[in-house]
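Convention: sequence-line order gives letters A, B, ...; per-chain numbering from 1. Fair warning: this is a prediction, and the values are worked out from it, not measured in the lab.
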Amino acid sequence: MSTFIEAPQPLDAEYFRTRLLGWFDQYGRTHLPWQQGRSPYRVWVSEIMLQQTQVATVIGYFERFMQRFPDVAALAAAEQDEVLHLWTGLGYYARARNLHRAAKCVVHEHNGAFPVESVAALSALPGIGRSTAGAIIAQATGKRAPILDGNVKRVLTRLHGVEGWPGRPEVERRLWQLAEHYTPQWRCADFTQAMMDMGATLCTRRRPSCLLCPFEADCVAHARGEEQRFPESKPKKEKPVRKTMMLMLRDENGHVLLEQRPSSGLWGGLWGLPQFDDGGALDAWLAREMPGSEVQGRWSSFVHVFTHFRLEITPVQAHLSRQGDQPAASGWRWYDPDQPDSIGLAAPVKALLESLSSFTLL
DNA sequence: GAACCGTGGAT
DNA sequence: TATCCAAGGTT
């Protein structure tokens with residue numbers, strides 16, 4: 001079935017820009033770390049970190065990242081493992097892997113210069129889509145480029161009363177159309193920043209500050225008293241439950257065996273506890289790879305909720321009397337719980353290892 | 001299209 | 001406490 005989508009009537013573009021920039025000059029954010037010493041590199045890294053991630057969370061990661069990788073050459077020359085280590089806790093680790101790949105591409109295919117001439121050229125780099133490309137161009141060069149992130153979607157859907165979940169292609173198409181309509185030739189960096197600032201500080205998801213909004217008199221949602229209805233939320237779906245065991249294999253020093261995870265998929269490229277989906281596989285693996293190991297017991301299971309599924313994790317504790325340094329193969333490491341930040345660990349794994357340490361002290 | 005990919009904050 | 005969701009992109 002097809003749902004009728006109300007065609008929004010745009011405001012006069014010049015009117016909109018003037019009022020928005022007037023608001024920005026008084027209330028806009030100008031002291032964010034990536035707004036200082038602006039460069040395509042700094043803007044790029046910030047935009048990737050900010051994907052689906054709040055500003056307050058990003059700031060610390062951004063500072064540490066810039067300290068370690070001041071320019072694209074430094075990033076391109078790094079090992080992926082170190083890039084992922086700096087990304088630990090931010091989530092969506094494909095962003096870090098793509099960032100690293102893109103840095104190498106800029107250095108080796110673009111002679112070290114970011115292809116900021118066009119959205120198409122930027123979008124060809126891994127991890128950069130249409131909106132992020134627009135944001136980088138606008139913020140780093142000031143040239144005209146529309147963006148359509150969550151903030152802009154919220155502002156535009158409310159202002160025009162755009163019905164339907166913005167993830168639907170026809171709705172998204174309409175929103176891009178509106179973004180194109182309003183985006184100016186001049187002061188484009190300020191304009192795009194102003195749209196995001198409006199969405200982040202005034203036109204918030206809940207309890208928007210309509211009385212302070214320069215478009216209070218123009219907003220369709222506000223006129224109807226239906227601000228909270230826009231944008232429409234994504235249709236809900238049941239989350240499947242996956243069950244797994246995580247092996248905590250310790251040697252005589254209390255060190256824990258870690259395995260480097262596959263380079264794609266959940267926590268791709270990070271270090272984690274060896275996972276087994278059934279007990280038979282666990283027993284067979286221990287007998288084959290870790291002769292002399294002894295299973296000591298299971299901890300109580302806990303559930304970790306992800307965006308698309310629930311993961312029921314059963315920690316299994318085992319002990320190994322080590323002879324030599326096995327396993328010596330790459331992709332395996334012994335982790336010292338007394339050096340917790342020496343390696344990139346996913347949050348639930350890190351929490352598990354921390355609880356292991358406190359358990360031992362008792 | 002729809003599934004996949006994380007974490008922490010807000011309510 | 002459980003749920004929603006935030007400066008999205010890739011497969």
Which residues satisfy the salt bridge (Lys or Arg N to Asp or Glu O under 4.0 Å) test with [X], sequence neighbours excluded?
| X | answer |
| --- | --- |
| Arg97(A) | none |
| Asp25(A) | Arg187(A) |
| Asp336(A) | none |
| Asp12(A) | none |

Euclidean distance, atom [atom1] of residue [X] to atom [atom2] of [N] [Å, nearest integer]:
| X | N | atom1 | atom2 | result |
| --- | --- | --- | --- | --- |
| Arg154(A) | dA6(C) | CZ | P | 6 Å |
| Lys239(A) | dC4(B) | NZ | C1' | 13 Å |
| Leu156(A) | dA7(C) | CG | P | 13 Å |
| Leu86(A) | dG6(B) | CG | C1' | 17 Å |
| Arg97(A) | dG6(B) | CZ | C1' | 12 Å |
| Asp197(A) | dA6(C) | CG | C1' | 15 Å |
| Phe309(A) | dC4(B) | CZ | P | 8 Å |

field: Nearest heavy atoms of Asp277(A) and Thr244(A), plus distance in Å
entry: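 It is OD1-OG1, 3.4 Å.
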Heavy atoms only, 4.0 Å cut-off, all strands: where does [X] land among base, sugar-phosphate and nothing?
| X | value |
| --- | --- |
| Arg310(A) | sugar-phosphate |
| Lys236(A) | sugar-phosphate |
| Lys350(A) | nothing |
| Gly265(A) | sugar-phosphate |

Taking the six-membered ring for Trp, are [X] and [Y] ring centroids under 6.0 Å apart?
| X | Y | result |
| --- | --- | --- |
| Phe62(A) | Trp34(A) | yes |
| Tyr182(A) | His160(A) | yes |
| Phe306(A) | Trp267(A) | yes |
| Phe65(A) | Tyr61(A) | no |

statement: Annotated structure of DNA chain C as dot-bracket, pair cut-off 3.5 Å, Watson-Crick or G-U only, | for inter-strand, is .|||||.||||
- request: Step by step, work out the side-chain hydrogen bond (donor to acceptor under 3.5 Å, both in side chains) result for Arg95(A) and Thr53(A).
  value: CA-CA 12 Å; Arg95(A) 294 184 295 173; Thr53(A) 311; 3.1 Å; yes
When you compare [N] with [M], how far apart are their [atom1] atoms, in angstrom units rounded to a whole number?
| N | M | atom1 | result |
| --- | --- | --- | --- |
| dT11(C) | dG1(B) | C1' | 12 Å |
| dT3(C) | dG6(B) | C1' | 16 Å |
| dA3(B) | dC4(C) | P | 16 Å |
| dA7(C) | dA2(B) | P | 24 Å |
| dG9(B) | dG9(C) | P | 24 Å |

message: Does dG8(C) have OP1 or OP2 under 4.0 Å away from a side-chain N or O of Lys153(A)?
response: no
query: In residues 28-37 of chain A, which ones come under 4.0 Å of DNA chain C, going by heavy atoms?
result: Arg29(A), Leu32(A), Trp34(A)
Near-strand residues of residues 226-235 of chain A, defined as heavy-atom separation under 4.0 angstrom from DNA chain C: Ser233(A)
If you restrict it to nitrogen or oxygen atoms, what contacts under 3.5 Å exist between nucleotides 7-10 of chain B and the protein, and what is each distance?
{"unit_1": "dT7(B)", "atom_1": "OP1", "unit_2": "Tyr93(A)", "atom_2": "OH", "d": "3.0"}
{"unit_1": "dT7(B)", "atom_1": "OP1", "unit_2": "Ala347(A)", "atom_2": "N", "d": "2.9"}
{"unit_1": "dT7(B)", "atom_1": "OP2", "unit_2": "Trp267(A)", "atom_2": "NE1", "d": "3.3"}
{"unit_1": "dT7(B)", "atom_1": "O3'", "unit_2": "Gly89(A)", "atom_2": "O", "d": "3.3"}

task: Please check if any side-chain donor atom of Arg64(A) sits under 3.5 Å from a side-chain acceptor atom of Gln67(A), or the reverse.
output: no
message: Just by distance, no angles: are the side chains of Gln228(A) and Arg205(A) close enough, under 3.5 Å, to form a donor-acceptor pair?
response: no
task: Name the closest nucleotide to the Glu47(A) side chain, picking from dA7(C), dA2(B), dC4(B).
output: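 Selected nucleotide: dA7(C).
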message: Enumerate the salt bridge (charged side-chain N to carboxylate O under 4.0 Å, His left out) contacts for residues 133-153 of chain A, please, sequence neighbours excluded, ordered by first and then second residue.
response: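 Every salt bridge (charged side-chain N to carboxylate O under 4.0 Å, His left out) pair that includes a residue of residues 133-153 of chain A, provided the two are not neighbours, is Arg144(A)-Glu180(A).
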task: Report whether Trp44(A) and Leu90(A) are members of the same hydrophobic cluster (ILVMFWY, side-chain heavy atoms less than 4.5 Å apart, transitive linking).
output: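 The answer is yes; both residues are in one hydrophobic cluster.
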Any N/O pairs under 3.5 Å between the protein and nucleotides 9-11 of chain C? List them or say none.
{"unit_1": "dG9(C)", "atom_1": "OP1", "unit_2": "Gly129(A)", "atom_2": "N", "d": "3.0"}
{"unit_1": "dG9(C)", "atom_1": "OP1", "unit_2": "Thr132(A)", "atom_2": "N", "d": "3.0"}
{"unit_1": "dG9(C)", "atom_1": "OP1", "unit_2": "Thr132(A)", "atom_2": "OG1", "d": "2.6"}
{"unit_1": "dT10(C)", "atom_1": "OP1", "unit_2": "Gly127(A)", "atom_2": "N", "d": "2.7"}

Donor-acceptor contacts under 3.5 Å from residues 73-82 of chain A side chains, at least two apart:
{"unit_1": "Asp81(A)", "atom_1": "OD1", "unit_2": "Trp271(A)", "atom_2": "NE1", "d": "3.2"}
{"unit_1": "Glu82(A)", "atom_1": "OE1", "unit_2": "Arg68(A)", "atom_2": "NH2", "d": "3.0"}
{"unit_1": "Glu82(A)", "atom_1": "OE2", "unit_2": "Arg68(A)", "atom_2": "NE", "d": "2.5"}
{"unit_1": "Glu82(A)", "atom_1": "OE2", "unit_2": "Arg68(A)", "atom_2": "NH2", "d": "3.4"}

query: Are Arg242(A) and Phe309(A) in a cation-pi setup, meaning NZ or CZ lies under 6.0 angstrom from the ring centre and within 45 degrees of the ring axis?
result: yes
- prompt: On the ring face of Trp186(A), is Arg17(A) found with NZ or CZ under 6.0 Å from the centre and within 45° of the axis?
  reply: no
message: Quick check on DNA chain B: between Pro169(A) and Gly268(A), whose nearest nucleotide comes earlier from the 5' end?
response: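 Taking each residue's closest nucleotide, the earlier one in sequence belongs to Pro169(A).
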If you look only at distance, which donor and acceptor atoms sit under 3.5 Å apart when one is on a side chain in residues 111-124 of chain A and the other is two or more places apart or in another chain?
{"unit_1": "Ser118(A)", "atom_1": "OG", "unit_2": "Ala121(A)", "atom_2": "N", "d": "3.0"}
{"unit_1": "Ser123(A)", "atom_1": "OG", "unit_2": "Val119(A)", "atom_2": "O", "d": "2.6"}

